[in-house]
Amino acid sequence: MTVKPPLPVLRPALPTAVALAPYLQRIDATRWYSNFGPLLHDFEVRLAELCGLPHGAVATFSNGTLALMAALHAEKMRLPEQARWDHPKAVRRRCLMPSWTFVATAHAAVQVGLHPYFVDVDAANWALSPTALRARTDLEDVAAVIVVAPFGAPVDQAAWDAFAADTGIIVLIDAAAGFDALTSVPSARPGRCLTMVSLHATKAVGIGEGGLLVSSDADLVQEARRWGNFGFDADSKAEFPATNAKISEYSAAIGLAALDLWPERRPILAELSAAYRAALSPISGLKTVPGFGQGWVSSTCNIITPLPTQDLAAGLAARGIQTRRWWNGGCKPHPAFAATPSDPLPVTDRISAAALGIPFFHDLPADAVPQVAEALADIIAGFQGAKA
Ligand SMILES: Cc1ncc(COP(=O)(O)O)c(C=O)c1O
């Protein structure tokens, strides 16, 4: 008897060897392998164009986590010296962020010397609220806020630019999964605040490992890039302690081929999102990420249901359906951040106890959406029946 393999939760598909070949041949011809070569230039120009910005407004990094660190560094350098959080007299060292994010967000803040502090997300959109933050009375020691776009949902860039301008607090937008929202939802188009998008293999536009920063302030982006290029000035003198976070021409080749593929890929993901929306919306008690399938796409589909994640995951696994807790409960449950100071997090606790990623990728078999929806309806009905 043959056992049917489980339906995978994600099957990344980066550009094929055939699609990469013309770009690899360009590398062979120039023998330029890294350090801001012609392919990197073209990749960053195309990324900036997609964001509606000129060349220089986008810089790439070897991963999204390093891009977050580079962004915080660049913003710090804009502060007067005594106000920088690594100055002995600095008053502002706290970095407000949601616990409801992948641990990379908090890791990046710690690595640049900030003190993370977890704030609850808004139940309506699973993200930090600028209005709620403005109402706080404890902002005097806050240096920065990292806003996280939940699973690629759009972030209101204008609202956060206004918050940063009015409060003097640095705002960094972690839109790791937000490539599409950033390039196609008008209110999510990049503003002045630095925005990070991850180019990890699991993302909608992936190059294996990589990340980008974008802002309408190209000087700020280039300052971030300098941190990822040993802190070099124009004469290759290291001006401050920094690191190497460049991507090679090979990574840029994958990026160019991934952008070639994107116009074909995006409508497929949009159609799949719409199919899930239609199939899941009749299921009582089930919710997707707010706004899922409405004008933007991502590379995952995350749901919450009345069941604890492990029970739902076990029920789906028994029906041959793989799942994944993409943020694994958010930051706070991880030992690294268990002692991180925090507000009470009732919304985060509720969402993170129930959030689960279900199968989602561009070549998901045609019968998968009804199969997953049917399984979910069945498991949830059984759970509700047992409780009644
Ligand atoms: C919210 C969030 N922030 C940061 C990152 C880190 O990106 P990278 O894996 O490219 O370092 C991720 C990765 O998935 C993420 O989901």
Side-chain angles (χ1 to χ4, degrees), residues 9-10 12 14 47 58-73 95-112 114 116 118-119 121 125-128 144-155 160 171-182 188 193-214 224 227-228 243-248 251-252 254-255 258 289-290 296-302 324-334 336-337 348 351-352 355-357 360-361:
V9 69
L10 179 67
L14 268 61
L47 289 168
V58 169
T60 48
F61 295 84
S62 45
N63 60 60
T65 310
L66 283 164
L68 289 175
M69 290 167 60
L72 291 167
H73 164 83
C95 180
L96 307 191
M97 65 180 70
S99 168
W100 184 227
T101 179
F102 184 58
V103 287
T105 315
H107 278 313
V110 172
Q111 289 302 316
V112 299
L114 284 163
F118 296 133
V119 173
V121 291
N125 64 358
W126 300 10
L128 293 188
V145 174
I146 307 183
V147 180
V148 178
F151 303 112
V155 166
W160 286 108
V171 175
L172 168 59
I173 297 177
D174 176 347
F179 181 88
D180 184 56
L182 203 70
C193 295
L194 283 164
T195 299
M196 185 282 281
V197 175
S198 169
L199 300 169
H200 188 263
T202 51
K203 300 299 184 283
V205 173
I207 64 171
E209 290 283 355
L212 66 87
L213 287 178
V214 56
W227 180 86
T243 194
N244 177 8
K246 303 188 299 292
I247 68 168
S248 76
S251 293
I254 305 172
V289 172
W296 54 275
V297 302
S298 186
S299 57
T300 58
C301 177
N302 290 275
R324 179 103 171 240
R325 296 178 80 200
W326 283 111
W327 286 346
N328 204 6
C331 295
K332 191 86 175 144
H334 291 260
F337 302 108
T348 300
I351 298 171
S352 60
L356 197 62
F360 189 88
F361 47 93

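The first residue in the sequence is number 1, and the count goes up from there. Ligands are counted one by one from 1 in listed order, and the atoms in each one are counted from 1 as well. The analysis underlying the following values was restricted to heavy atoms, covering all of them including side chains, and did not include hydrogens, waters or symmetry mates. Please read all numbers here as calculations on a predicted model, not as lab measurements.
Residues Pro290 and Trp126 have side chains in contact (heavy-atom distance under 4.5 Å, counting atoms from C-beta outward).
With hydrogens and angles disregarded, no donor-acceptor distance shorter than 3.5 Å links the side chain of Thr300 to the backbone of Gly357. Between the side chain of Asn302 and the backbone N or O of Val289, no donor-acceptor pair lies under 3.5 Å. Panel note: side chain His334, backbone Ala336; no donor-acceptor pair is recorded below 3.5 Å.
Just one of Val112, Leu172, Asn63 meets the side chain to side chain contact (heavy atoms under 4.5 Å, CB included) condition when paired with Leu68; it is Leu172.
In this pair, Trp327 and Phe151 present their aromatic rings parallel. The plane angle is below 30°, not in the 30 to 60° band.
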Please tabulate, one line per pair, the protein N or O atoms found under 3.5 Å from any N or O atom of ligand 1, giving the distance to one decimal.
residue	atom	partner	partner atom	Å
ligand 1	3 (N)	Asp174	OD1	3.1
ligand 1	3 (N)	Asp174	OD2	2.7
ligand 1	10 (O)	Gly64	N	2.8
ligand 1	10 (O)	Ser198	OG	2.7
ligand 1	11 (O)	Gly64	N	3.2
ligand 1	11 (O)	Thr65	N	2.9
ligand 1	11 (O)	Thr65	OG1	2.6
ligand 1	14 (O)	Lys203	NZ	2.7
ligand 1	16 (O)	Trp327	NE1	3.4

